[in-house]
Amino acid sequence: MNLEALTLLELNQLLKDLPAEIRRREAAERKAVVAEMRSLAAARGFDYDALIGGVEVLAPARKPLKPVAIKYRHPQDAALTWTGRGRKPLWVVQWVASGKTLEALAI
């Protein structure tokens with residue numbers, strides 16, 4: 001398709017029509033894949049619905065990570081905190097650069 005040959009009006013219409021066409025084609029492709037899977041399962045002597053319903057999870061889901069405790073807090077602005085992990089925030093760098101100690105920020 002030569003997009004340069006289209007007018008601005010045609011391009012805008014194309015942009016508006018694309019999402020619906022993509023959804024329609026994805027649905028059609030999904031149906032085709034399911035049909036292929038059903039025929040493969042039947043050819044191997046399995047019931048497709050039993051196979052899909054009995055799928056086991058190969059890897060256990062990760063447990064949600066617990067938040068890390070805050071170790072440092074700015075004395076004038078309590079909203080500025082740092083866990084002590086990763087890169088030092090700018091306010092910590094400025095604090096230390098001004099000659100003050102990191103221990104003064106410890107909670």
Side-chain angles (χ1 to χ4, degrees):
M1 171 181 269
N2 184 6
L3 296 178
E4 291 180 6
L6 298 177
T7 66
L8 181 59
L9 184 62
E10 291 170 331
L11 286 171
N12 283 327
Q13 186 62 42
L14 182 63
L15 185 62
K16 191 179 351 176
D17 294 342
L18 274 175
E21 181 63 20
I22 289 172
R23 283 191 302 275
R24 186 187 69 73
R25 289 194 187 186
E26 283 177 344
E29 190 70 22
R30 189 175 297 115
K31 285 180 183 179
V33 169
V34 169
E36 284 180 46
M37 291 170 53
R38 283 186 186 279
S39 67
L40 179 62
R44 300 277 180 105
F46 292 102
D47 178 43
Y48 172 79
D49 295 322
L51 283 174
I52 296 300
V55 171
E56 295 181 19
V57 177
L58 299 178
R62 287 185 72 180
K63 294 180 183 177
L65 298 176
K66 295 179 184 176
V68 178
I70 296 169
K71 292 185 180 179
Y72 304 99
R73 184 181 314 269
H74 195 282
Q76 286 86 29
D77 187 356
L80 297 175
T81 60
W82 182 44
T83 62
R85 292 187 178 181
R87 216 170 135 179
K88 290 180 185 174
L90 182 59
W91 65 269
V92 172
V93 173
Q94 290 171 344
W95 179 269
V96 173
S98 68
K100 299 172 185 163
T101 64
L102 186 60
E103 289 76 29
L105 298 174
I107 295 177

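Just so it is clear, the structure is predicted and the values come from calculations on it, not from any experiment.
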Undergrad: CG of L14 to CG of L9: how many Å apart, nearest 0.5 Å?
TA: 11.5 Å

Undergrad: Any link between V34 and I52 through a network of hydrophobic side chains (Ile, Leu, Val, Met, Phe, Trp, Tyr) touching at under 4.5 Å?
TA: yes

Undergrad: For E21, is there an ion pair with R24 - N to carboxylate O distance below 4.0 angstrom?
TA: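 Salt bridge: yes.
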
Undergrad: Supply the atom-to-atom distance R25 CZ to L18 CG, rounded to the nearest 0.5 angstrom.
TA: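 R25 atom CZ to L18 atom CG measures 9.5 Å (nearest 0.5 Å).
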
Undergrad: Taking all atoms of both residues into account, what is the closest heavy-atom pair of A41 and L51, and its distance?
TA: CB-CD1, 3.8 Å

Undergrad: Given side chains that start at C-beta, do those of V92 and P89 come closer than 4.5 Å, heavy atoms only?
TA: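 Yes. Closest side-chain heavy atoms under 4.5 Å.
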
Undergrad: Applying side-chain contact (heavy atoms from CB on, under 4.5 Å) to K100 and L105, what does each step give before you reach the verdict?
TA: CA-CA 9 Å; K100 299 172 185 163; L105 298 174; over 6 Å; no

Undergrad: CG of D17 to CD of E10: how many Å apart, nearest 0.5 Å?
TA: 11.5 Å

Undergrad: First locate atom CG of L11, then atom CG of L6, and finally report the distance between them rounded to the nearest 0.5 Å.
TA: 5.0 Å

Undergrad: Taking the six-membered ring for Trp, are the ring centroids of W82 and H74 within less than 6.0 Å of each other?
TA: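 No, too far apart.
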
Undergrad: Could you state the interatomic distance from CH2 (W95) to OH (Y72), rounded to the nearest 0.5 Å?
TA: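 Here the interatomic distance stands at 13.0 Å.
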
Undergrad: Do the non-hydrogen side-chain atoms of K88 and V93 ever get within less than 4.5 Å of each other?
TA: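 Yes, close enough: below the 4.5 Å cut-off.
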
Undergrad: Nearest 0.5 Å, please: how far is CD in E103 from OG1 in T101?
TA: 5.0 Å

Undergrad: Under 3.5 Å, is there a donor-acceptor pair between the side chain of R73 and the main chain of A78?
TA: yes

